[in-house]
> 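Pasting a structure here, questions to come.
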Amino acid sequence: MPAPSDFLQFVDQNADAFIQRLAEAVAIPSISCEVPRRPDVVKMAHWLDGQLKALGVETQLRDLGTHVMDGVELGIPPAVLGRIGNDPKKKTVLLYGHFDVQPASKSDGWNTDPFTLTIHPTNGQLIGRGSSDDKGPVLGWLNVLQYHHQNKKELPVNLRMCFEGMEETGSEGLDDLVVKEGAKGGWFDGVDCVCISDNYWLNTRTPALTYGLRGIAYYKVNVSGPTRDLHSGVFGRMVHEPMTDLIQIMSKLVDTTGQILVPGVDDMVSVASEEEKSLYEQLDYSIADVEESVGAPITLSDDKTTVLMGRMRSPSLSLHGIEGAFYGSGGKTVIPANVTGKFSIRLVPPQTPENVNPLVVSYIESEFAKLKTKNKLSVEAMHGGRPWIADHKHWNFEAAKRATEAVYGRSPDLTREGGSIPVTLTFAETLGVNVLLLPMGRGDDGAHSTNEKLDRSNFIEGTKLLGTYLYELAQ
Ligand SMILES: C[C@H](N)C(=O)N[C@@H](Cc1c[nH]cn1)C(=O)O
Ligand SMILES: [Zn+2]
Ligand SMILES: [Zn+2]
């Protein structure tokens, strides 16, 4: 069923108001991985709940208990559940998104305040933390709801919603909620398919449907020795230095070609067949696209297929940072007493945090033993999530393909995403239904990076795409 033409007009006519609502959402710094920002994530849950209620959605805030972060016990922000429509003749679609964001501060290199949505004066880009990941897409659904509510139009499908505030910090507590609400009589009982808009096109021009995600296993490696920081002139070459030991360990995790050095991790993954390789060859992507997104000619290979396979079907290990290390300007001559290295591995089938964690922990312990240092080591597996792959020939994907052709006038790329959305596999397995990822933003949006943006056209045409997809599902 095509979307009503006045829906498309409504979206164009209300574009400025939609952007204003996005500015309100971006202004709440709902950073889930920073202890002092936790009240803002809760504030964001209430803001979203209020918006949904005002658009005629029945909602509930669900308590997800507590967890420990940085040694502090914190309340997990409530999940926002929504429900509208209960017509047995219609399909029931579950929408998922997240209202928490990654950290951001002007000092990281942002050109503007990350929590003030700034409209670029020439290209109209909507710049702000969460504009693309994932407040823009979540608000895309609100825009669709607003058309139906304001014009007293019935939705073409029944909707169930699940919005969380912990996606960027391992989706704590959400799996249990999905299992509980997926049972008979629960909030998600009767769901026919799931749609998640929380990733990005491959490039800056071709819309995409995504049928795979990498999983993640996140680690902390702590090395400690002296009881306090030391003067390097007084103690240098007298004691084992924790930072020296940690750097040795971190340098043995991955090489400069991207190969993971933890024995057994890369070997778990099968070699791609020629048929599979041809899927990547066909995608509208080039080395120039990567260079444009990252702003430098630094790809690991000059071959497009190799680079794409690195992101879509291979595991990767990235070093993220060292807590406790001196990082300020100037030349402080300190020997840090206690340092914690952080890294993560993106996982692909058949890897899971459960089968990779023991390999990582025992390798680090054995490499540390070889250093013959008197410092102390501890390795901690933090949050994790399993990889996911869906059937992209399913009617859910077919509906999204038709919607993309209707809105963008072209067929979408079929992609696997290199990032992770831990709850995706839980939805697929617990509810036993197909899950579709329908991205709104572009490959150069800078999610998790400085100057994150969402192009105005992606927000507006993306809203049309989400609405049109619901009508195509009703066919
Ligand atoms: C793809 C999604 N928008 C996303 O950014 N997911 C995060 C999830 C995560 C895991 N640990 C911290 N955040 C990601 O892939 O990094
Ligand atoms: Zn993210
Ligand atoms: Zn996201």
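Here the structure is a predicted model, which is why all the values come from computation and not from measurement. Order of listing sets the numbers, starting from 1, for every ligand and every atom in it.
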> Checking Asn396 side chain against Val194 main chain: does a donor-acceptor pair fall under 3.5 Å?
yes
> Taking ring-ring contact (aromatic ring centres under 6.0 Å, His included) as the definition, give me every residue that meets it alongside His320, ordered by chain and number, with sequence neighbours left out.
Tyr218
> Where the side chain of Arg442 meets the backbone of Leu454, is there a donor-acceptor pair that is under 3.5 Å apart?
no
> Given the Zn ion (ligand 3) as the apex, I'd like the angle to NE2 of His98 and OD1 of Asp133, rounded to 10 degrees.
90°
> Output all residues satisfying salt bridge (charged side-chain N to carboxylate O under 4.0 Å, His left out) with Glu58, sequence neighbours left out; order by chain, then residue number.
Arg83
> State the atom name: nearest N, O or S atom of Asp198 to the Zn ion (ligand 3).
OD1
> If I take atom CE from residue Met250 and atom CE from residue Met243, how far apart are they, to the nearest 0.5 angstrom?
10.0 Å
> Taking the N/O/S atoms of Glu168 one by one, which is nearest to the Zn ion (ligand 2)?
OE2
> If you count only heavy atoms, which residues are under 4.0 Å from ligand 1?
Asp133, Glu167, Glu168, Asp198, Tyr200, Ile216, Arg346, His383, Gly419, Ser420, Ile421, His448
> Just checking Lys43: does its NZ atom have more than 12 heavy atoms from other residues, nucleotides or ligands closer to it than 6.0 angstrom?
no
> For the Zn ion (ligand 2), find the closest N/O/S atom belonging to His448 and write down its atom name.
NE2
> According to salt bridge (charged side-chain N to carboxylate O under 4.0 Å, His left out), who are the partners of Glu291, at least two apart in sequence or on a separate chain?
none
> Parallel, tilted or perpendicular: which fits the ring planes of Phe343 and Tyr219, with parallel below 30° and perpendicular above 60°?
parallel
